Asker: 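Pasting a structure below so you can have a look.
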Amino acid sequence: MARGGLAVASAGGQQFEAKITPIVVISCIMAATGGLMFGYDIGVFGAVTSMPDFLKKFFPVVHRKSNEVDINSNYCNYDNQGLQLFTSSLYLAGLIATFVASYTTRRLGRKLTMLIAGCFFIAGVVLNTAAEDLAMLIIGRILLGCGVGFANQAVPLFLSEIAPTRIRGGLNILFQLNVTIGILFANLVNYRTVKIEAGWVWRLSLGLAGIPASLLTLGAIFVVDTPNSLIERGHIEEGKAVLRRIRGTDNIEAEFQELLEASRIAKEVKHPFRNLLMRKNRPQLVIAVAMQVFQQFTGINAVIFYAPVLFYNVGFGSDASLYSAVITGAVNVLSTFVSIYTVDKLGRRILLLEAGVQMFLFQVIIAIVLGLKVKDHSTDLSPGYSIFVVIMVCTFVSSFAWSWGPLGWLIPSETFPLETHSAGQSVAVCTNFFFTFVIGQAFLSMLCHFKYGIFLFFSGWVLIMSIFTLFLIPETKNVPIEEMTERVWKQHWYWKQYMDDDHHDAEAAASNQVSIPILSRFWVFLSRIRVSCSFDC
Ligand code: BGC
């Protein structure tokens, strides 16, 4: 509803007034640059790890193998665990860093956590670019991983908290938009650098990551912290002043009172990770974990991570492979705008369901074409078929880009209440990195063994996630974060059974000893390490 230039968000019985103010838009654009670095890394490593000079210097075995024509196979050229581990090590580092980042987002705020991420990025880029041996390269990569862990923890939270409810989805997706821009930028860099015949060219590719790294660092200096975070950390008056500025109105009392109440409840929670396991938080936890697992099992990174290698392996020349990867990258960026535009109008569920159908169909078609045309040691892909494969891959990427890509980050960041907001986000980021790591680690071997069947494997997963969406993912469009429990979870046909009173929670906490799933026990274990570490380490 709009009134006198004000966007008025409905909040249960009351109304919150909120203008779309320049400070909100600018802060969101700046913070979202945290996604650029994540994207650049995803896009650049596939190419760097197939550059002859890079391989010769750091992975001579792979370099030798890729030159031995007689044992080359279309599906198996780059299947090397050491190389895959190197690529994936960033995600392992990020996975651990996100738990520390959960602590800093709560105690130091979203803004400072983004600044820390920027510093990690800069240090990682410097080491990678100057790397003289494998140790330097890996330490640099670990630092980048820490940066990604901190940024992916803080940025989606920041965006969800600062945005007015009715455009929260669109603003949150700015993060994913930056991820896709980062990937495209990397694809363009790959396309240009491959033409430079010099031994240092991989340094250029890695060094250009300094641009997104600096953008986030600068952005983090200029943004204001979210009112939620300021209030949660006891800066009540500052939080109120910021709320007034970002909403562009003096009429903020109702929203302020809700934030105060949310923060009071948050303060009572001494162990956010343990609290996450309470029965009433089960729906958010299950959905956050499932969204991340499913996002990765769409198979998107099989395409994006290794696009040049994939296209090259199925018979495109090296130039054509990089060119096709640029096209895929551009489609990824453009399709993300579809999501920004529609997510708060059509809602989250419709995007996920439509994309499920599209991804399933096109993955099956890709599998059939590759199965018929690409054999182990020979390729029968005519130019016409090659273009057809690229179009199919683009159609698959576009549907991911308006669904599981952005919504994998958006939905977990908007469903947890303030008291478990940062712990919940940590679990989401950690799960995402773990499964990105699994795909990164396994994809080239899977391609080598499953061959074209890899796309059938992923299409099976797409079917499962679409059924999950149909029955278990509720619509969260236009619902203020503070009101999710009442308006979403308590109304859902299945999840409402988890929403009974606190008394039930006490009982459930006891019965959790026997009933919590293995994954949840893992979080308890990690949170215990964290708690004891804050005393002893
Ligand atoms: C995913 C990445 C993926 C990217 C592609 C992100 O949301 O987390 O793993 O590479 O989207 O655009």
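Note that ligands are numbered from 1 as they come in the structure, with each ligand's atoms numbered from 1 the same way. What you see is a predicted model; the values in this text were computed from it and never measured.
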Asker: Between Phe400 and ligand 1, which part of the residue brings a heavy atom under 4.0 Å of the ligand: side chain, backbone, both or neither?
Answerer: side chain
Asker: Measure the shortest side-chain to side-chain distance between Pro272 and Leu276 over non-hydrogen atoms and say whether it is less than 4.5 angstrom.
Answerer: no
Asker: Considering the heavy atoms of Trp409, write down every atom of ligand 1 situated less than 4.0 Å from one of them.
Answerer: 6 (C), 7 (O), 8 (O)
Asker: At what distance is the nearest protein heavy atom to atom 12 (O) of ligand 1, and which residue and atom is it?
Answerer: Asn332 ND2, 3.0 Å
Asker: For atom 5 (C) of ligand 1, what's the nearest protein heavy atom and its distance?
Answerer: Ile183 CD1, 3.6 Å
Asker: Is it true that the side chains of Gln292 and Thr431 contain a donor and an acceptor less than 3.5 Å apart?
Answerer: no
Asker: Within a radius of less than 6.0 Å around CZ of Phe468, do more than 12 heavy atoms belonging to other residues, nucleotides or ligands occur?
Answerer: yes
Asker: So does Phe388 have more than 12 non-hydrogen atoms from other groups sitting under 6.0 Å from CZ?
Answerer: no
Asker: Would Gly405 count as a contact of ligand 1 if the rule is a heavy atom under 4.0 Å away?
Answerer: yes
Asker: Strictly distance-based, threshold 3.5 Å: is any side-chain N or O of Asn332 a donor or acceptor partner for the main-chain N or O of Thr180?
Answerer: no
Asker: Determine, using heavy atoms of Gln296 and all atoms of ligand 1, whether some pair is separated by less than 4.0 Å.
Answerer: yes
Asker: More than 12 foreign heavy atoms under 6.0 Å from CG of Leu456: is that the case here?
Answerer: yes
Asker: Mark yes or no for whether Gln295, through its side chain, and Leu407, through its backbone, hold a donor-acceptor pair below 3.5 Å.
Answerer: no
Asker: What atoms of ligand 1 come within less than 4.0 Å of a heavy atom belonging to Ile42?
Answerer: 2 (C), 10 (O)
Asker: Please identify which atoms of ligand 1 are closer than 4.0 Å to at least one heavy atom of Thr180.
Answerer: 12 (O)
Asker: Give the residue, atom name and distance (to 0.1 Å) of the protein heavy atom nearest atom 1 (C) of ligand 1.
Answerer: Gln295 OE1, 3.4 Å
Asker: For atom 7 (O) of ligand 1, what's the nearest protein heavy-atom neighbour? Residue, atom name and distance, please.
Answerer: Gln176 OE1, 2.7 Å
Asker: Would you mind checking which non-hydrogen protein atom is closest to atom 3 (C) of ligand 1, with the distance to 0.1 Å?
Answerer: Asn301 OD1, 3.4 Å
Asker: Ignoring hydrogens and geometry beyond distance, is a side-chain donor-acceptor pair present between Thr105 and Thr113 at under 3.5 Å?
Answerer: no
